[in-house]
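Reviewing the structure listed below.
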Amino acid sequence: MAEKQFREAIREAMTEEMRRDESVFLMGEEVAEYEGAYKVTQGMLAEFGGRRVIDTPISELGFSGLGVGSAMNGMRPIVEFMTFNFAVVGIDQIINNAAKIRSMSGGQVKIPMVFRGPNASAGQLGATHSVAYESLYAHFPGLITIFAADPYDAKGLLKSAIRDNNPVIFLESEQTYGMKQEVPEEEYLIPIGKGTVKREGSDVTLVAHGKMVHVAKMAAEQLAKDGVEAEIIDPRTIKPFDIDLVIESVKKTNRLVIVDESHPFGGVAAEVGFQIQREAFDYLDAPVQRVTVPDVPAPFSKKLFDLWFPSPKDVIEAVNSVTYRK
Amino acid sequence: MAEKQFREAIREAMTEEMRRDESVFLMGEEVAEYEGAYKVTQGMLAEFGGRRVIDTPISELGFSGLGVGSAMNGMRPIVEFMTFNFAVVGIDQIINNAAKIRSMSGGQVKIPMVFRGPNASAGQLGATHSVAYESLYAHFPGLITIFAADPYDAKGLLKSAIRDNNPVIFLESEQTYGMKQEVPEEEYLIPIGKGTVKREGSDVTLVAHGKMVHVAKMAAEQLAKDGVEAEIIDPRTIKPFDIDLVIESVKKTNRLVIVDESHPFGGVAAEVGFQIQREAFDYLDAPVQRVTVPDVPAPFSKKLFDLWFPSPKDVIEAVNSVTYRK
Amino acid sequence: MGNETEVAGFTPTGAVYKSTKLPKPTRKTHKSLGIKEDELLGLYECMYRQRRFEERAAQMYQKGKFGGFLHLYIGQEALSSGLNYALNDDDDIITAYRDHGMGLARGISAKAGMAELFGKASGCSNGKGGSMHFFDVKNHFWGGHAIVGAHVPLGGGIALANKMRNEEKVTVCLFGDGAVDQGSLNESLNLAQLWKLPVIYVIENNGYSMGTAVQRHSAGELVDRALPYGMKHDVISGMDLLTVIDKFRDVAEEVRKDSMPWLIEVRTYRYRGHSMSDPANYRSKEELQEFKSYDPIERLKTYILERDLFDEKKLDEINGNIDEEILEAIDFAENSDFPDDEELYKHIYADDDFPYLR
Amino acid sequence: MGNETEVAGFTPTGAVYKSTKLPKPTRKTHKSLGIKEDELLGLYECMYRQRRFEERAAQMYQKGKFGGFLHLYIGQEALSSGLNYALNDDDDIITAYRDHGMGLARGISAKAGMAELFGKASGCSNGKGGSMHFFDVKNHFWGGHAIVGAHVPLGGGIALANKMRNEEKVTVCLFGDGAVDQGSLNESLNLAQLWKLPVIYVIENNGYSMGTAVQRHSAGELVDRALPYGMKHDVISGMDLLTVIDKFRDVAEEVRKDSMPWLIEVRTYRYRGHSMSDPANYRSKEELQEFKSYDPIERLKTYILERDLFDEKKLDEINGNIDEEILEAIDFAENSDFPDDEELYKHIYADDDFPYLR
Ligand SMILES: Cc1ncc(C[n+]2csc(CCOP(=O)(O)OP(=O)(O)O)c2C)c(N)n1
Ligand SMILES: Cc1ncc(C[n+]2csc(CCOP(=O)(O)OP(=O)(O)O)c2C)c(N)n1
Ligand SMILES: [Mg+2]
Ligand SMILES: [Mg+2]
């Protein structure tokens with residue numbers, strides 16, 4: 001198996017699906033001639049031409065809506081946002097149109113499409129460019145929300161997302177684009193809605209998705225040195241959320257910490273924590289704890305940003321509290 | 001004390017504050033000559049004229065942004081959305097500008113303004129016109145979110161919101177506009193961030209805000225007949241959330257049900273439930289339960305809508321489960 | 001009040017008589033337009049069906065037979081009827097929430113329409129959408145959309161899909177004068193012109209955005225929204241059926257050939273309030289009377305009678321049949337079942353077994 | 001590739017030489033414009049300060065002294081400098097994220113600017129905003145905004161507040177050619193015209209939206225975005241300082257008097273890539289060379305020398321002082337402290353004791 005970068009993995013996913021299905025096309029800012037602000041779409045214009053790999057103006061509301069309309073009418077658009085921070089000006093097309101038109105039409109239309117791009121923070125980009133939006137999208141019925149942590153999952157899940165007949169929010173990270181992992185040559189799909197155990201352990205369950213999986217792993221290695229074996233569960237899909245996998249693990253470890261880059265109030269961590277206390281109340285030896293960014297916008301200054309961003313240290317402290325080790 | 005409608009109470013709040021402070025003004029669709037789609041602003045154009053009570057085109061993004069800009073530059077705008085379902089096309093101005101510019105400028109600007117209007121469902125208006133947005137706004141730091149349940153709270157809180165130096169999301173309901181309650185003649189303010197006990201009880205705690213307070217009350221009356229005394233806590237402000245008041249109550253009742261019209265995933269109910277299991281774990285005799293709309297968009301058909309909307313019956317069932325009475 | 005605000009106010013005063021001016025109708029006759037006489041009769045029937053459907057719907061609403069919003073199209077039927085006639089059956093249409101007329105013209109039956117208002121499973125959107133969300137996708141009617149301006153990009157997207165498949169189809173996207181103020185329109189016009197999309201954007205200028213006259217919510221002429229992009233555009237009267245057919249047939253053919261978009265402002269008028277709760281005090285009786293004097297149905301009737309194409313009896317017969325049809329539609333709606341409880345969880349996702357929905 | 005897509009593609013090909021054409025500069029001299037000779041020297045210094053500040057900032061970025069995005073204004077300094085000169089000190093200015101030039105011209109010191117890039121507490125936004133969010137509100141500079149198009153409505157709002165207080169102040173709102181495609185612009189233009197706001201909207205057309213040439217992202221001429229609203233508009237060269245001063249002084253005075261908005265397209269060019277990571281392969285060397293031949297700083301230098309207003313030595317002396325000033329700014333930034341940890345929770349809400357923030 002060859003090692004591949006995250007950006008190569010999603011490029012392969014899109015390329016393979018576009019070869020496989022004429023109705024799949026890609027549009028977004030700088031995706032064609034510039035070959036992607038983060039070089040994700042390199043070579044795609046050359047292979048598929050300007051009718052299937054389309055540069056758009058900075059009109060997120062307009063081109064998101066064109067995407068939804070084309071999906072209603074039989075196409076399978078992949079709409080790339082340069083980052084999901086910019087999707088906010090077009091979000092009405094996602095929340096009110098993509099998510100609800102099927103229901104309001106009594107099932108007369110399907111909206112098979114993918115909105116994808118980098119999500120959450122990527123260093124010192126300031127408050128508006130550092131928001132983790134998975135909690136917002138997962139709040140609204142009618143959408144599927146995916147946030148893959150590594151190249152293997154990303155490729156398999158993106159291919160499934162493109163083939164899925166629902167609107168899918170597919171979240172990536174500028175900071176993982178360069179990350180490498182072995183990715184098989186032969187085709188594979190990863191089912192939407194199924195989580196995976198990224199590390200086995202019996203002392204505490206860590207639930208983490210996207211970039212946070214790597215923070216959780218660093219914490220787990222530290223903890224192992226202190227004899228605490230953490231089990232890391234990556235739901236991969238935020239909605240529908242594979243809560244059963246978490247319940248299983250908690251029944252074994254009786255302790256849960258959720259690591260989530262969203263803001264805390266009503267974030268993914270709150271939802272998972274709520275469901276676990278409801279479904280596994282009698283198995284919990286300690287209250288569920290969460291590690292998130294604080295409830296303040298991202299600061300620019302590196303010093304403050306490093307304080308703001310969830311660290312392995314924060315995770316270890318939370319584990320100490322659920323294991324009563326502090 | 002005279003009985004007043006909810007719409008009169010908020011009209012008084014705006015009118016009194018506009019008389020008190022030259023810098024307060026109101027803008028929105030049909031607020032001036034039409035006197036409000038729901039007659040909330042009746043008489044205000046006549047009293048304050050077209051420079052302080054301003055009709056806008058259907059340009060939520062544009063006029064929200066003008067509001068934010070005017071607040072940065074010393075005014076205190078009240079921006080009315082005909083309903084918050086329509087704020088979605090202008091939401092970038094709220095999430096990225098109103099909420100973050102103070103922080104990004106290192107505190108050089110204040111943004112003292114109120115975004116207000118009806119929120120959540122109001123009968124058979126279909127999927128796009130029936131969404132409860134408090135969970136979304138409360139997720140983002142930089143904003144204050146208020147959802148008042150009755151005329152007395154609405155007036156006192158709206159006056160505080162208009163005087164507050166932060167951007168405030170002030171949520172109302174078409175369905176409570178006609179509701180009457182005694183409202184004092186003399187001026188009063190209700191502090192932002194402080195909840196209130198709407199009904200005392202010792203067997204179970206019900207947390208409910210906005211329209212749901214009335215659903216909770218109906219349930220409580222039923223339950224009382226069965227000898228179950230429910231304590232109803234109305235946080236009134238969603239963010240900052242008065243969690244201490246809930247903790248206190250739960251320490252007494254040991255049981256909690258949250259009634260919330262938001263969709264469940266990452267909703268206000270999830271956040272409150274999470275915080276309570278974390279802060280009052282040893283006081284809970286049963287898992288926290290929530291009553292929300294199901295995780296599907298609002299259907300039009302009356303029969304389906306009634307199924308969709310949280311009912312006293314749903315609340316009673318949840319209470320039965322936390323009191324192990326079923 | 002109007003004057004008081006005129007002096008000081010930011011938004012121009014509402015004391016406007018004649019919110020919209022009508023351009024001259026076409027000089028052409030049905031003959032010169034190649035419209036057969038029975039087709040003319042069909043068009044009369046089409047307009048009258050919409051009219052009666054809504055008059056009855058209003059009664060049912062007042063009787064409390066159904067809830068929600070009800071926005072009536074009465075007065076604007078020449079556009080829906082003429083447009084549908086001018087287009088091919090497989091051309092695509094999408095419109096806003098004032099959608100009964102366009103939906104019926106496109107092929108939704110009075111029964112399916114009335115049942116939708118009643119929220120019945122037999123409705124044109126299975127009772128899930130209601131008045132603002134009529135859909136009939138097999139007849140290429142894409143709804144019925146209630147967030148003002150939000151369906152405008154969808155129209156371009158439907159056209160984009162047709163173009164990508166090299167189908168020579170035209171998409172017509174209709175919206176009100178109030179929707180012109182949403183940035184979604186400008187973004188769509190730029191994209192449509194840049195990408196050469198086979199779409200006709202139609203402003204249904206009925207003089208008011210809710211209670212706000214056009215001059216109070218939009219600076220300049222609405223049709224001029226096309227100018228920055230160099231988009232082809234025109235203004236026509238929407239009170240005259242033949243004018244609508246004349247214009248849209250030409251434009252549709254042109255778009256089919258050169259795949260370049262158009263923006264057309266159609267001047268029309270709604271006789272009723274914005275919705276059932278609106279007394280419409282913002283306009284003068286004179287204005288309403290004047291526009292009623294151009295009533296498209298009366299106008300076609302006069303046209304037919306003056307030319308002795310058919311006699312009064314024939315038209316009365318049609319009216320009678322339609323009246324029957326609508327009454328039957330009401331019975332049908334009354335007697336249809338509400339959706340099963342199960343339906344609450346259906347049609348959210350493409351797969352009805354979507355996990356964790358409950 | 002360009003050609004291949006030219007045939008089939010939706011978006012016009014990028015094989016464009018000359019992304020933007022420059023209008024003729026003004027014929028007026030500094031004398032006829034009433035600009036004193038030492039003022040001219042001050043304007044030269046103002047432009048040169050921005051140039052050196054950014055050249056050094058780029059070096060510091062490459063040395064890894066700070067992170068985030070860095071967008072350079074180099075080549076566009078005539079606009080920031082001439083605009084600031086043409087306006088009153090209490091007129092309001094708001095711009096996009098390519099904001100160093102405008103910020104420095106408006107009064108942010110090289111020290112406060114450099115410290116902001118370094119994320120230090122002594123920065124012009126206390127290290128909270130960074131390169132894209134320079135603010136200096138006491139000098140009526142309202143930032144520095146990074147969501148493309150999102151600050152355009154803010155400009156109208158700042159003007160609205162001034163108008164409500166009957167202050168005869170002008171607000172200038174600058175944004176790039178790429179921002180022209182955001183609906184926020186059209187909504188703002190309609191509102192500004194409808195409400196007669198004292199605001200000047202300025203399109204800084206530097207030929208590219210990131211890697212996309214103007215012709216590839218916007219249909220028609222950018223300045224024509226003003227046409228639908230009947231808004232006053234013009235196009236000028238942004239490579240000539242006197243032209244900028246000439247135009248903006250006239251327009252600002254007019255707006256101050258009649259409180260009617262303007263849209264002005266300023267044609268200019270950025271010499272560097274969009275941001276530090278952009279190799280700018282999408283444009284030709286010839287194009288870059290051509291625009292560099294219009295360099296506003298060189299141009300003013302030639303103007304001054306040809307007329308013997310000052311000699312080379314004088315200008316070199318200014319350059320020397322500025323070079324010093326910038327080096328000191330770097331030392332200042334290096335030696336300034338980062339914000340206290342406490343600062344993470346400050347300036348979120350107006351009240352720093354906002355409850356439950358942690
Ligand atoms: C984004 C948004 N804002 C506000 C509303 C509330 N609203 C519904 S219809 C309407 C007026 C629309 O007028 P127009 O576009 O002229 O259509 P008409 O009613 O005349 O057919 C308004 C303000 C909405 N549905 N969506
Ligand atoms: C809404 C939004 N979409 C996309 C981006 C990413 N982005 C940042 S700058 C830029 C190009 C803007 O070009 P232009 O407006 O011409 O300004 P210039 O860089 O030339 O000064 C893009 C696409 C963004 N910041 N905001
Ligand atoms: Mg209208
Ligand atoms: Mg540019």
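Side chains are part of it too, since the values below use all heavy atoms of this structure and drop only hydrogens, waters and symmetry mates.
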If one checks every heavy atom of A:L143 against chain C at 4.5 Å, the contacting part turns out to be backbone
(message) Do A:K100 and C:I348 have side chains that approach each other closer than 4.5 Å (heavy atoms only, starting at C-beta)?
(response) no
Exercise. Does the side chain of A:N165 come under 3.5 Å of the side chain of C:D351 through a donor N or O and an acceptor N or O?
Worked result: no
Rounded to the nearest 0.5 Å, the CD1 atom of A:I192 sits from the CZ atom of C:F354 at a distance of 8.0 Å
Quiz item: Can you tell me if A:N166 uses its side chain to pair, donor with acceptor, with the backbone of C:A350 under 3.5 Å?
Solution: yes
task: Tell me, yes or no, whether the heavy-atom count around A:Y283 atom OH, taken from other residues, nucleotides or ligands under 6.0 Å, exceeds 12.
output: no
Whatever's closer than 4.5 Å to a heavy atom in chain A on C:H140 counts as neither
Around atom NZ of C:K232, are there more than 12 heavy atoms from other residues, nucleotides or ligands closer than 6.0 Å?
yes
In this structure, NZ of C:K128 is separated from CZ of A:R102 (nearest 0.5 Å) by 8.5 Å
#### Entry: CD (C:E167) with more than 12 external heavy atoms under 6.0 Å
yes
- Whether A:N97 side chain and C:A150 backbone form a donor-acceptor pair below 3.5 Å: yes
Against chain C, residues from residues 63-72 of chain A with at least one heavy atom under 4.5 Å, in numeric order, are A:F63, A:G65, A:L66, A:V68, A:G69, A:S70, A:M72
Looking only at C:L185, C:I147, C:D92, most heavy-atom pairs under 4.5 Å shared with chain A are made by C:I147
Whatever's closer than 4.5 Å to a heavy atom in chain A on C:W195 counts as side chain
Greatest number of non-hydrogen atom pairs under 4.5 angstrom with chain C, of A:K239, A:K110, A:Q93, falls to A:Q93
Separation between NE2 (C:H347) and OG (A:S103), nearest 0.5 Å, reads 9.0 Å
Heavy-atom closest pair (C:M164 atom, A:R51 atom, distance to 0.1 Å) is CE-O, 3.4 Å
Separation between NE2 (C:H151) and CG (A:N96), nearest 0.5 Å, reads 14.0 Å
Separation between CG (A:N73) and CG (C:N162), nearest 0.5 Å, reads 4.5 Å
Honestly, the part of A:S23 sitting under 4.5 Å from a heavy atom of chain C is neither
For A:G106 and C:N126 the tightest heavy-atom approach is O-ND2, 2.9 Å
Honestly, the part of A:E60 sitting under 4.5 Å from a heavy atom of chain C is backbone
Honestly, the part of C:L194 sitting under 4.5 Å from a heavy atom of chain A is side chain
Shortest non-hydrogen pair, C:V137 vs A:Q108, comes out as N-OE1, 3.0 Å
Heavy-atom closest pair (A:G142 atom, C:Y349 atom, distance to 0.1 Å) is N-OH, 3.0 Å
On a heavy-atom basis, the closest approach of C:H133 and A:M104 is NE2-SD, 3.3 Å
Residues at least two apart in sequence or cross-chain that pass ring pair (Phe, Tyr, Trp, His ring centres under 6.0 Å) with C:Y97, listed by chain then number, are C:H71
Closest non-hydrogen atoms of C:L160 and A:M27, given as atom of the first, atom of the second and distance, are CD2-CE, 4.4 Å
